[in-house]
Amino acid sequence: MEIREASPERLEERTSYPPSQHKSVVKDDVAPEGAFDALPPQDKGYAWWFLLGGALMEVLVWGMPYSLGVLHSYWTTTLFPPGTPGTDMLAVAVAMQNGLLYCSAVVFHPILARYPYHRVKLQLGALGISVLGLVTSAFATKPWHLVVTLGILYPFSCMYYLPAATFLYEWFAAKRGLATGMLYAGSGIGGTIYPIVIHQLLVRFRYKTAMISLGIGYAIVGILANTLIKPRLPIAPSESHQRPKLDMSFLRRSPAYAFCSCILLCSLGNFLPSVWIPSFALDIGLSEGQSTMLVSLMNGSSAFGYLFVGWLSDRYPLHFCITLTCLGSSLACFFLWGFAKNIGVLCVFVMLFGSLGIGFSAMWLKLIAIIARDDPALPGHLFSVFSFIRGIGNISSGPVSNALLASSVLVGAPGGYGVKNYGSLILYAGCTTAAGSVAGVLWRDRKSSVNRVQA
């Protein structure tokens, strides 16, 4: 079995190789004949070391936003107790952190592509800004301070992480779905570890020490992980490099619109369970330790979900994979979260939603391959567009959730629907995800050469 790959002549030019290595591959803006024959192999060798570095970045960068439910619960009960002015800004800070991590990709990807020789410097600079956001959040005395530190400064880590996501397309072909799942599983692992670590730090050392400690650890692990991130493809010298125009013909094909609509609709509700499950657990009488455990269980299940969905997308039609993940997570919201009144049902819900709802992102590179076909210049741009769309959905979840929780339409309804004002929130999460499953299968693309497997 082999995957049809784009010809070397069309390969987009990227690099972070040292000049001493680069000059042996490219000269005078043109790769010499046979240069691409010496490229590192795909799906083996250094590709797995690259994947290890990318997974560590996932643990680091995405573990924090996936665990904000624990911090949000602490903020609303201890740091800014009920009655504190401006507490509505806390939900905004949570939504902005996750949303801007995605949205800022459309800003940072062009910068990284324009200055490939400065990639490492740009990454480390972005890492420093995100560490600054973590450390300064320790000194927050008003809710809006967290909007600035964790909502605005922390998302600069997108520039630090982005090359790991976009270079993956270069390093893997036949095992692209599985590799994507393994990369994104890092966020599930991080989301499992972070809540436990944060909870223990808050209990033993209080908030200020907890956030400063997280910032220091973030910087150390971030620098080490970045040493493994390298592109597979060389570029021509920057002084004579001219970026080719993008082929916009993909806009005439239905997959681009179907996949973007699917991602947007799913993102409108996908982020809500991870933020509100801790508060929901407390409101039905569970302890803080149990609410933290639920967040860790959801994120741990997402690590399995990423692997499972990535493996599935390598073997089964994407129509089936999209339906399974989106519709499955929607039904979990309606029938499990919606009727949950004890920890047993909540455990089943967070495991299923973590596996299917959060694991949906493992299909992104497969979706990108269908849209891009054999154009190697498109994947990085499409990834940033997907990220931006997902970020819009996540950012909107803050004000939307505040508005939904102000509604008392379903108060007194059976199960979880009747717990305080969570009913409207649960219905919104389930309906938007279900709509995403419909949008995601409304496409046809018979000529995709990248996604075609030949025996």
Side-chain angles (χ1 to χ4, degrees), residues 65-82 87-88 90-95 97-98 191-192 194-196 198-199 202 268-302 329-358 394 396-433:
Y66 278 16
S67 308
L68 277 181
V70 176
L71 279 175
H72 182 266
S73 180
Y74 180 86
W75 293 337
T76 55
T77 58
T78 305
L79 190 63
F80 303 109
T87 52
D88 286 351
L90 297 175
V92 175
V94 171
Q97 183 183 96
N98 202 310
T192 305
Y194 266 77
I196 298 172
I198 291 173
H199 178 71
L202 290 175
L268 291 173
N270 197 259
F271 190 52
L272 298 177
S274 62
V275 174
W276 291 105
I277 278 294
S279 298
F280 180 87
L282 293 177
D283 287 333
I284 63 172
L286 301 184
S287 67
E288 288 189 5
Q290 288 173 320
S291 67
T292 300
M293 181 272 292
L294 287 169
V295 176
S296 293
L297 186 58
M298 179 185 291
N299 292 327
S301 298
S302 74
S329 56
S330 172
L331 294 175
C333 287
F334 288 138
F335 295 105
L336 292 175
W337 191 11
F339 292 99
K341 290 298 290 287
N342 58 66
I343 191 170
V345 178
L346 277 179
C347 283
V348 176
F349 166 70
V350 298
M351 287 191 292
L352 189 57
F353 189 87
S355 298
L356 298 180
I358 300 177
N394 284 340
S396 72
S397 68
V400 167
S401 62
N402 282 334
L404 291 171
L405 288 169
S407 169
S408 58
V409 174
L410 295 176
V411 172
Y417 288 110
V419 176
K420 289 194 173 180
N421 298 336
Y422 287 99
S424 299
L425 191 75
I426 295 170
L427 285 177
Y428 177 80
C431 288
T432 52
T433 310

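Remark: Asp283 engages Lys420 in a salt bridge (charged side-chain N to carboxylate O under 4.0 Å, His left out) (not counting sequence neighbours). Taking the side-chain contact (heavy atoms from CB on, under 4.5 Å) definition, one finds that Ile426 meets it with Trp337, Tyr417, Tyr422, sequence neighbours left out. Lys341 pairs by the salt bridge (charged side-chain N to carboxylate O under 4.0 Å, His left out) definition with nothing, not counting sequence neighbours. For Thr77, the side-chain contact (heavy atoms from CB on, under 4.5 Å) criterion is met by no residue, not counting sequence neighbours. Partners of Asn98 under the side-chain contact (heavy atoms from CB on, under 4.5 Å) rule, at least two apart in sequence or in another chain, are Trp62, Pro65, Tyr66, Tyr102, Phe271, Asn394. By the side-chain contact (heavy atoms from CB on, under 4.5 Å) test, Leu286 pairs with Ala281, Ile284, Gln290, Leu294, Ile343, Leu346, sequence neighbours left out.
For residues 290-302, no pair satisfies salt bridge (Lys or Arg N to Asp or Glu O under 4.0 Å), with sequence neighbours left out. Among residue pairs with one or both ends in residues 399-414, none qualify as salt bridge (Lys or Arg N to Asp or Glu O under 4.0 Å); sequence neighbours excluded. Residue pairs that meet the salt bridge (Lys or Arg N to Asp or Glu O under 4.0 Å) test with at least one member in residues 406-417, sequence neighbours left out, do not exist here. Under the salt bridge (Lys or Arg N to Asp or Glu O under 4.0 Å) criterion, no residue pair touches residues 284-296, with sequence neighbours excluded.
Smallest separation of non-hydrogen atoms from Ser396 and Leu268: OG-CD2, 3.3 Å.
Using a distance-only test at 3.5 Å, with no hydrogens or angles considered, no donor-acceptor pair links the side chain of Asn299 to the main chain of Ser302. Listed for the Asn270 side chain is no donor-acceptor partner under 3.5 Å among the backbone atoms of Thr433.
Taking the side chain as every heavy atom from C-beta outward, Val419 and Phe280 approach each other to under 4.5 Å.
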What side-chain donor-acceptor pairs closer than 3.5 Å can you find for residues 68-75, not counting sequence neighbours?
{"from": "Trp75", "atom 1": "NE1", "to": "Tyr207", "atom 2": "OH", "distance (Å)": "3.4"}

